[in-house]
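Contents: one structure, followed by commentary.
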Amino acid sequence: MAERRRAEIEAKKAKLEALRKARADRQRAENERRQTEVPSASVAARREVDDLVNSLVGSRGLDSGGDVTPSSSMPGTPPRQSALFYGTSALSPSGRVSRQSDVGSDRISMGTTMIATANSGTEHVIERTLTPRFVPDLIDVEQELFELPQRERVIYNKEVQTTAVEVETAEISIEDIRQQLQRERERELEADRTVREKELEEESIQLDKEIEQEIRELSEEERTSILIAPEFLDFVEQSSKIVQRALNDGYDYIRDYTVGTETNGQVLFHLPDDSEGKRVKRICAFYDERYGKNRSITDIDWSPKYPELSVASYNKNPAALNEPDGIVAVWNLHLLERPEFVFHSQSDVLSVTCSPFHSNLVFGGTYSGQILLWDTRSKHLPVLKTPLSAAGHTHPVYAMRMVGTQNAHNLITSSTDGTVCSWLVDMLAQPQETLELIHAGHNKTGEVAITTLDFPDNETTTFWVGTEEGNVYQANRYDRAGAKAGLNQHDIYKGHAGPVMGLHFHPLVGPVDFSDLFLTASVDWTVKLWRAKSLAKPSTTAQTIPPIYSFDEADDYVYDAKWHPAHPAVFGTANGSGKFELWNLNNDTEVSAVTTNVGTGRAINKLEWDRKDGRRVALGCSDGKLYIYDIGDIAIPRESEWTDLQKTIAGMVSNSSQTNGVVDGDATRIIAGR
Amino acid sequence: MPAELEQTLSMLSAHRSVLGYILLSRGEQVSIIRHSGVVFEGDQGKKYAAVIRRIVESVQTGLEEDSIRFMRIRTKRHELMISPDQRYLLAVLHDPAI
């Protein structure tokens, strides 16, 4: 393309040259023309005069110019001379003219045959006009006269040396005007030409610039060097994320609603369906081929600051030995194809929490007992790690919670050996405090294998743990009046026949306080509702506390149960056959309100409601996919829900108290027997 | 070519509405680092590159203290998304009607 441009420029330059040459030629031609123009103008003028004279005098045939002309310029010739002289004198006025051109003089000589009565030169013209024509008789008289030598007449040739000024005045002005016009035209042409030249020059300059600016092809080494540069990789990561988010938008904002399309037959809106309110819709499924394959999701959390971000932790991919064992992925609802961030870990990540006080920090607890801290501002690797020493955990950390306020907060972690550690966020080198939960009355070993842990809302010093044996215990972080730090030996929340997989306290929201209710989900196919014993009256004797209610509908292990953040009577459960069940206690306590099959039937490991208003729920499956579901209107509580729930709970309590007596007795007997 | 880069770019061009992308390096001489899609092949791609470069530059001269973060040019048929950087530029052409 460069060559073409250059050729164009060359062509243009050639054209420029041609124009210039043409201009020069034209100028030359004009000069020549100017020189020949005067004679031609004068010739034309001459002809007019000739015609005039001829019409007046008559034509006598051309006398040879040679006889007449020599004497023509002689004014005032002696009258003795023959009529020839008269003729010649008559020629005198025209003699002047004949000087200019022979042609004219020939013509005028015709008029000299006229006999003029007067001698004066000036009168001849007049007399010529007055006297009638007649042909005189010429008498040959031979006399010897003094012969005057013939004067040599110098004839001027055609070559014009005089300017047009010598032409008669009328013609001069015409000439002048014509020449002036000529000059102006030339000036205009000149001006045009200079302008054109300038334009051409500018264009060639522009073309030169464009040639310089033209897209250059990269050489191979340059390309490889760019492709390896880390800033280039960063740039591609970032800009491709932005582009993909924009691509995911889907709404065509220049859509013109006034244009009717042919496919109008399809109804674009659907009638409100009664069943719609009951159904639960899938928004999307986050899955990354590279990081999700062969892995299961072990924990989920939503970002407290950005409601579109959710975090999922993954365990090991046994097939890929080169990939990191533990992955944490941050997913964005607006970017469906790939995670926003991916964090690596050396061992399986079993629990994950977003820090509510720092929007870019993510904590993870691993299979090895390490607690890792990742920062979204950094890359894949953790920015802080706890040491693999006896100070921290040495067993898998399945549960983590962040408690406290902005200025004073702690991360509480628990592992399956009964250790509960409290950490300061910026100091992960050693735990702030360690707590060993030991149950003295246990039949085999003292330790309590914690699978799950939760704090009631507004509590930071006392928490409940679910264990592998199916009991739920209450524990204190610190000594307080009437209670020691550590496990509360006396109260056992006994009810489950298998490991407790999930424990969740009712969130404190709304006019009525239900925050002493908690749900547990267990491998024994049930979900149970409990009321936590009040701390005001610590018990001194062993006591088993039965659940208020048991939800037995499931047909597989129930892996998680979580209260809804906005609606007091709604909670969701996730079970091992891929079912997500939504319960509304005010409607029905026996049967779930909505049951949805999520995914391909693989187990759902974790369930997490989104923090804002609970419209969405994240479900983490063991096939590595994170499903986001929208539950629609069920999430919106009415005013009466709280009081309704109170009644429901009261009803449940009274029902269960009828059967409680037997259970209590059994429990105490069992404990006493140890 | 690092594998992650490959994967990212191929994921980008595999999107259902994307017709192609082009990666340019900015600076004195604009050069095409990589491109994909029929739209950006050969001469046409070079033309696109020149046009994009001029567009970004002319918009940048209009901004005084600001700098361009992202540009979406919606034409009747397509949408061109340009994400410029100090040194590089990614432009993606896609058809929003699909």
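Below, chain A is the first sequence line, B the second, and so on; all start at residue 1. Just so it is clear, the model here is predicted, and its values are computed rather than measured.
With chain B as partner, the option from A:N248, A:T224, A:I242 having the largest number of non-hydrogen pairs under 4.5 angstrom is A:I242.
Contact of B:Q86 with chain A is not made at all, since no heavy-atom distance falls under 4.5 Å. Looking at B:L89, only its backbone comes within 4.5 Å of chain A, counting heavy atoms on both sides. With a 4.5 angstrom heavy-atom cutoff, A:F232 touches chain B via backbone and side-chain atoms both. Proximity to chain B is limited to the side chain of A:Q238, based on heavy atoms less than 4.5 angstrom apart.
Looking only at distances, a side-chain donor or acceptor of A:S296 sits under 3.5 Å from a matching main-chain atom of A:S622.
The nearest pair of heavy atoms linking A:E340 to A:L309 is CG-CD2, 4.2 Å.
For B:K46 and B:F40, the positive end is not near the middle of the six-membered ring at less than 6.0 Å and at most 45° from its axis.
Within residues 64-76 of chain B, the residues having any heavy atom under 4.5 Å from a heavy atom of chain A are, by residue number, B:R69, B:F70, B:R72, B:R74, B:T75.
Under the 4.0 Å criterion applied to side-chain N and carboxylate O atoms, A:D288 and A:R290 are not assigned as salt-bridge partners. With respect to A:E308 and A:R245, no salt bridge is recorded, no charged nitrogen being found less than 4.0 Å from a carboxylate O. A:D234 and A:K379 are joined by a salt bridge, as a carboxylate oxygen and a charged side-chain nitrogen come within less than 4.0 angstrom of each other.
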